[in-house]
2 protein chains.
Amino acid sequence: MAYLKKEMSNSTQNTQADVFGGLRMTKQRKVVYDVLLDETRDHPTASQVFVRAQGKMPTISLATVYNCLESLTHSGAIKQVNVDREASRYCPNLQPHAHFFCSDCEEVFDIDLKSRATATTPWQLPEGSEVEQLEVTMRGKCPTCTDSTREDSGSEN
Amino acid sequence: MAYLKKEMSNSTQNTQADVFGGLRMTKQRKVVYDVLLDETRDHPTASQVFVRAQGKMPTISLATVYNCLESLTHSGAIKQVNVDREASRYCPNLQPHAHFFCSDCEEVFDIDLKSRATATTPWQLPEGSEVEQLEVTMRGKCPTCTDSTREDSGSEN
DNA sequence: TTTAGATCAAGAACTATTCTAAAAAAGGAT
DNA sequence: ATCCTTTTTTAGAATAGTTCTTGATCTAAA
């Protein structure tokens, strides 16, 4: 809940209005946001968010989930993650990070920057260009799947 | 045409069969590939490739363009580039590189690696993970658009 | 309480892409 | 060359994810 703030308007007392970056935090938006925070943190798609959100609020609609995901993304509360042409996924991790998709177990992992590194470090950017947004996605095998491929046994934890 | 080779089978003489990585180079595939090589190198979408291909071969169909782009991608002759949820774009540059999308002029630029750098350099990959594929896309303003924004004048070339 | 604007819900519409089925083309063997 | 098999092409239908539309509901402020 770290990214939610009470609105501190001085002339009115607020009712429902938790806001994030000027965005009114409605019941539905909160449910959607909570799904991303609460559950397995597995970068769910809109439909997956929808199903989980229905658990908390049975009347919520898919269109609303899309709306909420969009407004949360625009306000900067969450990030939209695209891999190839697959359905977009959503992620509440606001730190700069990359995404690793394991082609075996199909899970998504957040990859952090090395300390003191920036994502643009290895790239020869033309002078004068201004990078506003950067997305890095990797495909491959996660350590667990690399292990189990090696002999099909090796489950040490 | 650097990536096309004549098939060197020793028992048969070949007719149409230029191949790339085992892929038969049919008329249509060649047209599609040539569109990517010949023209403005602007990372066109499938529909744009289709229009340009029709210029060279009026009977070609959109489905075939999709087929060709897919087989060329799988054979490794070209790369598919995805940015957000927009239509896929295609690119014949096989060197490791990132893509920069200018939000002003909407053009796409290839960004090369700094010498001796690799794309994974800044990332803290868990030990044992195997990266098979890496995609880096940036959004922002290209040098030209940064310039012209600064004063709306500055056209020095 | 009224009002104006924001948000929600349900379903239709849209778009890029993939699938299907039949026709055409290509390659190999006779 | 001719037959046979496999690959490729074509055109249109189908699909999936997402966006749009419309009317209803909610909210904050007056």
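Numbers restart at 1 for each chain; the letters A, B, ... are given by sequence-line order, proteins then strands.
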What is the distance from CZ of B:F50 to P of C:dT17, rounded to the nearest Å?
14 Å
Atom CE of A:M25 and atom C1' of C:dT7 are separated, to the nearest Å, by 13 Å
Sorted by chain and residue number, the side chain to side chain contact (heavy atoms under 4.5 Å, CB included) partners of B:S47 (sequence neighbours excluded) come out as B:T45
Residues at least two apart in sequence or cross-chain that pass side chain to side chain contact (heavy atoms under 4.5 Å, CB included) with A:T40, listed by chain then number, are A:D42, A:R52
When we call it a touch if two heavy atoms are under 4.0 Å apart, what does B:T45 touch: a base, just sugar-phosphate, or nothing?
nothing
In short, ring pair (Phe, Tyr, Trp, His ring centres under 6.0 Å) pairs touching residues 34-60 of chain A with sequence neighbours left out are A:H43-A:H99
Are OP1 or OP2 of D:dT18 and a side-chain N or O of A:Y66 less than 4.0 angstrom apart?
yes
Can you tell me the distance, in whole Å, between the CD atom of B:E70 and the P atom of C:dT18?
6 Å
B:R85 CZ - C:dC14 P separation (whole Å):
19 Å
Looking across every strand, which nucleic acid part, if any, lies under 4.0 Å from B:S88 by heavy atom: base, sugar-phosphate, or nothing?
sugar-phosphate
Between B:P44 and B:L36, is there a side-chain heavy-atom distance shorter than 4.5 Å?
yes
Students should find that the end-to-end axis angle of the helix from C:dT1-D:dA30 to C:dT30-D:dA1, with five pairs defining each axis and rounding to 10 degrees, is 30°
Tell me the closest heavy-atom pair linking A:C102 and A:F109, and the distance in Å.
CB-CE1, 4.1 Å
So which protein N/O to nucleotides 8-11 of chain D N/O distances come out below 3.5 Å?
| residue | atom | partner | partner atom | Å |
| --- | --- | --- | --- | --- |
| D:dT8 | OP1 | B:R29 | NH1 | 3.0 |
| D:dT8 | OP1 | B:R29 | NH2 | 3.4 |
| D:dT9 | OP1 | B:T26 | OG1 | 2.6 |
| D:dT9 | OP1 | B:Q28 | OE1 | 3.2 |
| D:dT9 | O3' | B:Q28 | NE2 | 3.2 |
| D:dT10 | OP1 | B:T59 | O | 3.3 |
| D:dT10 | OP2 | B:S61 | N | 3.4 |
| D:dT10 | OP2 | B:T64 | OG1 | 2.5 |

Applying salt bridge (Lys or Arg N to Asp or Glu O under 4.0 Å), name anything that partners B:D84, two or more places apart in sequence or on another chain.
B:R139
Return all side-chain donor-acceptor pairs below 3.5 angstrom for residues 124-137 of chain B, not counting sequence neighbours, or 'none' if the list is empty.
| residue | atom | partner | partner atom | Å |
| --- | --- | --- | --- | --- |
| B:S129 | OG | B:P126 | O | 2.5 |
| B:E135 | OE2 | B:N82 | N | 3.0 |

Without decimals, in angstroms, what is the distance between A:H74 NE2 and D:dT19 C1'?
13 Å
Starting at CG of A:N82 and ending at P of C:dA16, how long is that distance when rounded to a whole Å?
15 Å
May I have the distance from A:Q80 (atom CD) to D:dG17 (atom P), rounded to whole angstrom?
14 Å
For A:K56, what residues pass the salt bridge (Lys or Arg N to Asp or Glu O under 4.0 Å) criterion, not counting sequence neighbours?
A:D38
Donor-acceptor contacts, no H, no angles, side chain residues 69-77 of chain B, under 3.5 Å, sequence neighbours left out:
| residue | atom | partner | partner atom | Å |
| --- | --- | --- | --- | --- |
| B:S71 | OG | B:R29 | NE | 3.2 |
| B:S71 | OG | B:N67 | O | 3.1 |
| B:S71 | OG | B:C68 | O | 3.2 |
| B:T73 | OG1 | B:L69 | O | 2.6 |
| B:H74 | ND1 | B:E70 | O | 3.4 |
| B:S75 | OG | B:S71 | O | 3.3 |
| B:S75 | OG | B:L72 | O | 3.1 |

